[in-house]
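A short worksheet on the structure shown next.
Sequence lines set the chain letters: A, B, ... in the order given, protein chains first and strands last, and positions in each chain run from 1.
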Protein chains: 2
Amino acid sequence: MKRLSPILIVFIFLACNEKVNKDSIKEHPNLILTIKAVNSMRASLGEISLFDQSVEEIRAQVDAEIEFGIEVPIPKDLAGGYTHERHKTNFFTMQKAGVLFQITAEEKYAIYIRDMLLKYAEMWPTIGKHPAEKSYARGKLFWQCLNDANWLVYTSQGYDCIYDWLDGQTREKLNKELFRPYAEYISVENPQFFNRIHNHSTWGNAAVGMIGLVIGDKELVNWSLYGLDIEVPGDIVKDNDGGTIQIDGQKEAGFLAQIDHSFSPDGYYTEGPYYQRYAIYPFLVFAQGLANKMPELDILNYRNGLLLKAVGALINQTNSKGEFFPINDAQKGMSLASRELVYAVSMAYYYGGNDTGLLSIIKGQNRVPLNDSGLAAAKAIEEGKAKKYVYKSIELSDGASGNEGGIGILRSDDLTLVMKYAKHGMGHGHFDRLGFLLYDETGEVIQDYGSARWVNIEHKDGGGYLKENHSWAKETIAHNTLVINKDSHFNGNVKEADKTSGTPYYFTVDSQVQIVSAQEINAYKNIEMQRTMAMVGIKELEKPLVIDLFSVQAPEGSRYDLPLYYIGEFMSSNQKFKANNNLIPMGKESGYQHLWAEAQVDVNGGIYNMTWFNKKKFYSVTSTIESGDTMILARIGANDPNFNLRRDPSVIHRRTAGNTLFANLYEIHGGYDYSSERPLNLFSSIANLKVIYQSSEFVVIQFQLKSGEEYQFSFSLKDNNETNMHSVESSTGKVEWQGTYDFKTINN
Amino acid sequence: MKRLSPILIVFIFLACNEKVNKDSIKEHPNLILTIKAVNSMRASLGEISLFDQSVEEIRAQVDAEIEFGIEVPIPKDLAGGYTHERHKTNFFTMQKAGVLFQITAEEKYAIYIRDMLLKYAEMWPTIGKHPAEKSYARGKLFWQCLNDANWLVYTSQGYDCIYDWLDGQTREKLNKELFRPYAEYISVENPQFFNRIHNHSTWGNAAVGMIGLVIGDKELVNWSLYGLDIEVPGDIVKDNDGGTIQIDGQKEAGFLAQIDHSFSPDGYYTEGPYYQRYAIYPFLVFAQGLANKMPELDILNYRNGLLLKAVGALINQTNSKGEFFPINDAQKGMSLASRELVYAVSMAYYYGGNDTGLLSIIKGQNRVPLNDSGLAAAKAIEEGKAKKYVYKSIELSDGASGNEGGIGILRSDDLTLVMKYAKHGMGHGHFDRLGFLLYDETGEVIQDYGSARWVNIEHKDGGGYLKENHSWAKETIAHNTLVINKDSHFNGNVKEADKTSGTPYYFTVDSQVQIVSAQEINAYKNIEMQRTMAMVGIKELEKPLVIDLFSVQAPEGSRYDLPLYYIGEFMSSNQKFKANNNLIPMGKESGYQHLWAEAQVDVNGGIYNMTWFNKKKFYSVTSTIESGDTMILARIGANDPNFNLRRDPSVIHRRTAGNTLFANLYEIHGGYDYSSERPLNLFSSIANLKVIYQSSEFVVIQFQLKSGEEYQFSFSLKDNNETNMHSVESSTGKVEWQGTYDFKTINN
């Protein structure tokens with residue numbers, strides 16, 4: 001509080017001053033900040049520790065930039081390079097300086113923004129398209145319009161904060177010579193960028209709309225909300241990620257259409273949470289602007305308050321460390337700590353009914369946005385209102401109408417299972433129908449590779465997507481799902497994959513048993529796949545057991561590969577692997593070219609069992625095996641000339657058959673302490689696992705623990721009516737149950 | 001405090017009771033605990049939080065075991081197996097129960113020990129040697145005498161605590177039927193175990209001596225202190241780790257000889273810190289017993305207080321996380337948190353002059369031993385006396401007289417460099433003369449593999465040493481040091497390696513420059529190697545720069561391989577590697593059979609530069625190269641049928657030459673944040689590195705930063721007199737300096 005006293009003095013001075021200058025003639029800020037919000041923030045300074053701390057953090061950043069001086073270099077570099085990073089720093093800093101100017105009334109912040117904008121205004125007419133030619137929509141400041149749109153989304157906020165402070169001539173100059181042409185560049189001059197249904201375009205729409213709101217340019221606002229009435233030139237059909245520019249039958253564009261098409265009614269975003277995190281910021285920040293300046297749109301209640309629901313969907317797509325599930329193109333490690341979520345979670349708290357569970361997340365973020373949402377959240381935390389956010393098992397539908405697949409998330413404390421049967425996810429989608437991920441309190445147990453990319457790390461092809469993203473990360477064999485006859489789902493064709501989705505079949509959350517089950521009939525022609533995963537509480541085990549039943553109906557002679565990307569060090573198996581003395585890639589295409597087969601075994605006996613070790617815990621998988629099955633211990637890294645891929649392991653279950661079932665159990669057990677060197681419960685508890693019935697309609701498995709107890713799980717694959725009776729003649733006699741599933745102990 | 005009140009009531013009752021029973025007739029406990037210490041501990045209960053907490057932790061453990069019931073199974077399993085772990089739990093529990101009986105006076109603890117001991121007494125005469133036959137010295141309860149000795153070291157403490165409480169008949173029975181025969185078994189019946197100079201024997205000596213002290217058997221105490229007057233049978237010449245049973249010329253044995261021969265005057269233990277940690281407990285606990293019962297020995301001042309100095313040496317052999325340097329056979333992760341160090345550090349505090357820096361380590365351990373040392377440390381912490389322990393750069397000599405090599409440790413904040421030029425380390429030694437390790441605050445930067453072993457993890461060959469420990473982990477190519485002509489140092493011969501040590505040449509710690517330099521002339525016949533490593537502060541760089549000059553005098557045509565086991569993901573190099581599409585092992589023996597060559601490049605230009613990324617930080621190496629040099633990116637894992645080895649990477653600098661110099665610079669720089677995706681300082685700052693003079697006597701290098709500054713480092717390899725002047729004609733003109741080294745900026 002002592003450190004804040006200069007601010008308070010300024011504030012008191014300013015408060016008096018304002019009265020003299022007449023509040024009424026002030027109109028700005030009115031985009032994200034409002035005059036009312038600014039007054040509240042000023043009045044709260046020194047009172048709320050998390051808010052004060054957030055102000056001080058930003059002040060330190062901006063002061064360092066002011067000290068460094070204004071640099072507006074001629075655009076040249078790709079992401080990660082100097083000019084790219086400089087312009088990026090500039091827009092972040094202008095936004096922050098604007099807020100600081102409003103909160104502290106220190107003119108140096110306004111001067112900094114003005115002087116920087118004048119430099120941009122000077123440069124703008126002199127530069128053409130960015131020299132790097134690789135984007136489908138080249139920007140001017142950056143290599144792609146997307147980044148130019150980022151610049152404008154942030155800069156328009158900074159500009160709003162100094163708008164009234166500027167003299168009229170400067171305002172006019174900036175509006176005419178910088179902002180209007182800038183907005184035109186990323187809209188009418190690049191309709192292939194602006195008029196899509198895509199996260200890129202959301203940034204474009206928000207950018208143009210926000211500057212339109214600031215400078216009072218209704219045309220820009222209209223373009224942003226409703227799209228351009230321009231035919232996109234037919235010569236640009238794909239973006240750099242292979243996504244198609246125009247969705248078949250797409251009639252609308254603009255911000256409202258983005259909301260209509262981008263989110264499912266549950267708030268799921270088809271590109272996945274990594275991109276949802278990226279896209280949520282322009283959605284929310286522009287919505288905030290629209291809420292302030294065009295309340296008649298009632299944007300926060302649009303589609304039943306979908307934008308705030310989307311924030312909830314994002315929060316639910318994280319593991320116990322708050323990191324997003326890396327499905328589709330996603331760099332691991334992106335989390336609730338990101339600046340976008342710092343903005344989003346406070347906004348969801350403020351406008352979404354003050355859910356005190358969100359406050360614990362905000363507390364974890366350890367900063368708040370400097371606006372009325374952030375102020376309210378910080379205040380509530382100061383008052384001790386934060387409650388633990390309770391993550392629940394949920395299914396999130398995909399598709400604008402919610403009927404195009406989805407993802408199922410099962411949770412039991414920190415144990416988290418995610419199964420994906422959503423839409424493909426357009427250009428950033430992976431061919432991973434019915435794939436799954438598993439986490440516990442240590443982090444990843446069964447991993448999804450994520451994208452092959454080191455975002456912004458210039459060493460790796462400028463920080464952009466690597467070619468291994470296509471040749472490896474998107475391919476089916478890179479995921480924990482079934483590859484049939486060596487080809488990826490949809491033959492690796494994005495356009496085909498985009499046409500359909502998986503089909504949710506069953507999702508239930510009981511106290512002992514949670515189940516997600518979904519079908520996929522399009523990934524391979526004339527082949528039906530269905531995966532049923534259950535998390536069941538078993539009193540003899542430390543942690544819930546995961547049951548995984550992958551059922552497939554396909555022609556005889558189909559070759560199946562079911563990989564499991566376990567994280568950790570192989571400990572032992574009940575099968576005797578033969579390790580290879582020379583390693584050759586497992587194939588030539590579809591991702592197999594990136595896998596080394598390190599060892600394999602033609603399995604025999606009733607089950608495959610294997611234990612691995614990671615972060616002081618043991619993990620086991622038990623699989624039913626059939627005569628002729630092979631297990632392959634594989635490792636990523638073949639055909640990787642630039643060492644772009646991690647050398648992670650997997651075990652691949654290979655089978656040649658027709659209709660079949662892969663039945664697996666996953667256990668998390670025991671532990672090890674390095675300073676006492678004592679292991680606990682280091683072996684699997686599963687003595688046996690048997691499929692006692694399987695057909696296209698039903699599956700029944702039994703498993704026995706080493707301690708003797710036997711359990712039986714029965715599942716109806718086609719009839720999910722909860723009252724229907726089922727009866728099958730299994731290999732151990734008649735099994736009967738009511739409803740979709742039955743799980744119970746059995747007598748020997 | 002509330003929870004402790006029952007104890008206090010008991011204590012008051014007991015205090016009265018004792019008076020009646022006459023204190024004078026009580027003689028035990030007198031081994032580790034004393035009656036006086038027990039009285040102090042009782043009086044302090046409820047007063048000192050760390051002590052109380054330690055009591056409660058142990059009480060919870062022991063109570064759970066009492067609840068579980070007494071089990072004394074017929075010995076059968078190897079380490080990690082049921083009977084092994086059960087007997088191990090039993091001895092730990094008896095020791096703890098003894099202390100609890102003394103502190104709380106609750107008889108249940110005494111009863112538990114008595115009943116368990118009676119079961120052991122019953123079983124002992126009925127069992128022969130342990131059924132597993134793999135040890136050079138099979139135990140009875142365990143597969144090796146070593147573990148039987150562990151049992152006795154702990155159990156004798158528990159026995160001491162109930163000795164006076166037992167009736168005479170039971171005491172007599174236990175002494176005659178269990179303890180004396182037990183002590184005879186691990187001494188006179190296994191002299192190849194008892195009469196060595198080795199950590200195994202230290203346990204044996206302590207075990208026999210401690211039970212001797214408890215039961216008043218002077219013969220046992222004499223054996224323990226001075227060894228057996230027995231010729232070790234000549235048929236057992238090596239232990240299971242390949243160590244020789246009898247050291248050439250060894251005349252003495254027993255505990256005092258262990259102290260004489262095991263530690264250098266600096267407290268360094270030739271097997272390395274992992275085994276020193278293991279061995280320190282019997283050294284200290286027996287010493288404590290001797291201090292209490294045979295004060296005339298003045299054991300804690302023996303060899304200038306060497307035992308306590310050894311604790312200090314151990315503390316100094318840890319990284320910033322308190323984990324021991326994994327030199328020689330060592331499992332990584334073993335740390336100051338281990339039970340041995342919990343005992344040792346408090347003892348060092350109490351008997352070693354109350355160094356308040358040690359209290360911060362004890363605080364970090366978060367528990368204290370339940371004896372007068374632990375009580376004193378906990379009390380001092382309660383009184384706020386703890387200070388940060390300041391790790392300094394030090395050199396620790398090896399060899400009983402301190403003249404057989406050593407290790408050099410350079411530190412600058414969390415940056416820690418360790419270079420090894422010690423003795424071989426007997427059976428647990430690795431062929432790693434002049435090898436080094438580097439740590440920063442994230443942990444390992446340049447790693448030592450450690451041992452190929454998963455201690456006590458039964459999946460991996462019962463938790464013992466794996467065959468890859470010999471075929472890989474001990475070999476020179478597994479270390480960050482020079483392999484010449486494909487063979488490990490000393491041709492991989494332990495006996496040869498044991499005969500000599502490296503030679504310390506120079507060790508200096510100045511404010512800007514710290515240097516360790518050592519020579520090795522025995523590892524390869526007629527070849528002289530000298531490594532000089534410096535940690536230098538450079539104002540333009542974030543962190544000190546590490547300079548590494550590996551000079552070698554050898555015949556023309558020698559093939560050199562200098563590996564660098566960097567930890568992390570390869571980012572980029574200035575040289576264009578060609579990755580291999582098929583992987584074959586790099587050789588057939590000396591560890592090469594376990595390496596895959598993933599890629600290689602015939603380098604050209606003046607330098608090799610490479611950057612890697614780990615735990616959000618960037619690291620770079622810059623090496624001078626010569627025409628014909630090859631760099632190989634290698635990975636561990638070939639010929640590893642049971643997946644016992646980690647798939648870690650290295651880069652190997654290969655050169656064929658005669659006298660030569662490998663000059664390297666290591667940088668730690670920048671960082672990356674996953675939630676903002678912004679990299680900082682992600683490239684090496686080194687523009688150039690040149691050797692401008694090299695001979696067997698002098699080396700001079702120059703390097704230039706990308707920001708333009710140039711630096712020069714000159715070093716005298718044969719003359720370390722600090723006043724002598726040196727002058728050489730370098731490729732850039734005359735270079736002159738005084739003393740062993742010179743480091744300075746130079747003008748262009």
Option in Met334(A), Glu85(A), Lys88(A) with maximal non-hydrogen atom pairs under 4.5 Å from chain B: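 Among the listed options, the one with the most contacts to chain B is Met334(A).
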
Most chain B-contacting option - heavy-atom pairs closer than 4.5 Å, from Leu583(A), Val455(A), Asn456(A), Ile584(A):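 Going by pairs under 4.5 Å, I would pick Leu583(A).
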
Contact origin within [X] toward chain B - heavy atom pairs under 4.5 Å:
X         : answer
Leu336(A) : neither
Glu677(A) : both
Tyr278(A) : neither
Phe570(A) : both
Phe618(A) : side chain
Ala638(A) : neither

Considering all heavy atoms, the nearest Pro585(B)-Asn582(A) contact: CD-OD1, 3.7 Å

Nearest heavy-atom neighbours spanning Ser338(A) and Ser675(B):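 So the minimum-distance heavy-atom pair works out to CB-O, 3.5 Å.
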
Can you say whether [X] sits under 4.5 Å from chain A via the side chain, the backbone, both, or neither, judging by heavy atoms?
X         : answer
Gln593(B) : neither
Asn580(B) : backbone
Leu680(B) : neither
Thr89(B)  : both

Salt bridge (Lys or Arg N to Asp or Glu O under 4.0 Å) partners for Glu340(A), two or more places apart: Arg277(A)

Ring geometry between Phe577(B) and Phe643(A) (parallel below 30°, tilted from 30 to 60°, perpendicular above 60°): perpendicular

Aromatic ring pairing Phe613(A)/Trp454(B), orientation class (parallel under 30°, perpendicular over 60°, tilted between):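 Rings of Phe613(A) and Trp454(B): perpendicular, over 60°.
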
Could you check which of [options] has the highest count of heavy-atom pairs closer than 4.5 Å to chain A?
options                                    : value
His459(B), Arg678(B), Lys576(B), Met571(B) : His459(B)
Asp673(B), Leu341(B), Thr611(B)            : Thr611(B)
Gln331(B), Glu323(B), Arg339(B), Lys578(B) : Gln331(B)
Pro641(B), Ala579(B), Ala599(B), Ser572(B) : Ser572(B)

Check: Ile457(B) and Leu682(A) side chains under 4.5 Å, non-hydrogen atoms: yes

Salt bridge (charged side-chain N to carboxylate O under 4.0 Å, His left out): pairs with one or both residues in residues 641-650 of chain A, sequence neighbours excluded: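 Non-adjacent pairs meeting salt bridge (charged side-chain N to carboxylate O under 4.0 Å, His left out): Asp640(A)-Arg647(A), Arg646(A)-Asp648(A), Arg647(A)-Glu598(B).
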
Lys616(B) atom NZ, over 12 foreign heavy atoms within 6.0 Å: no

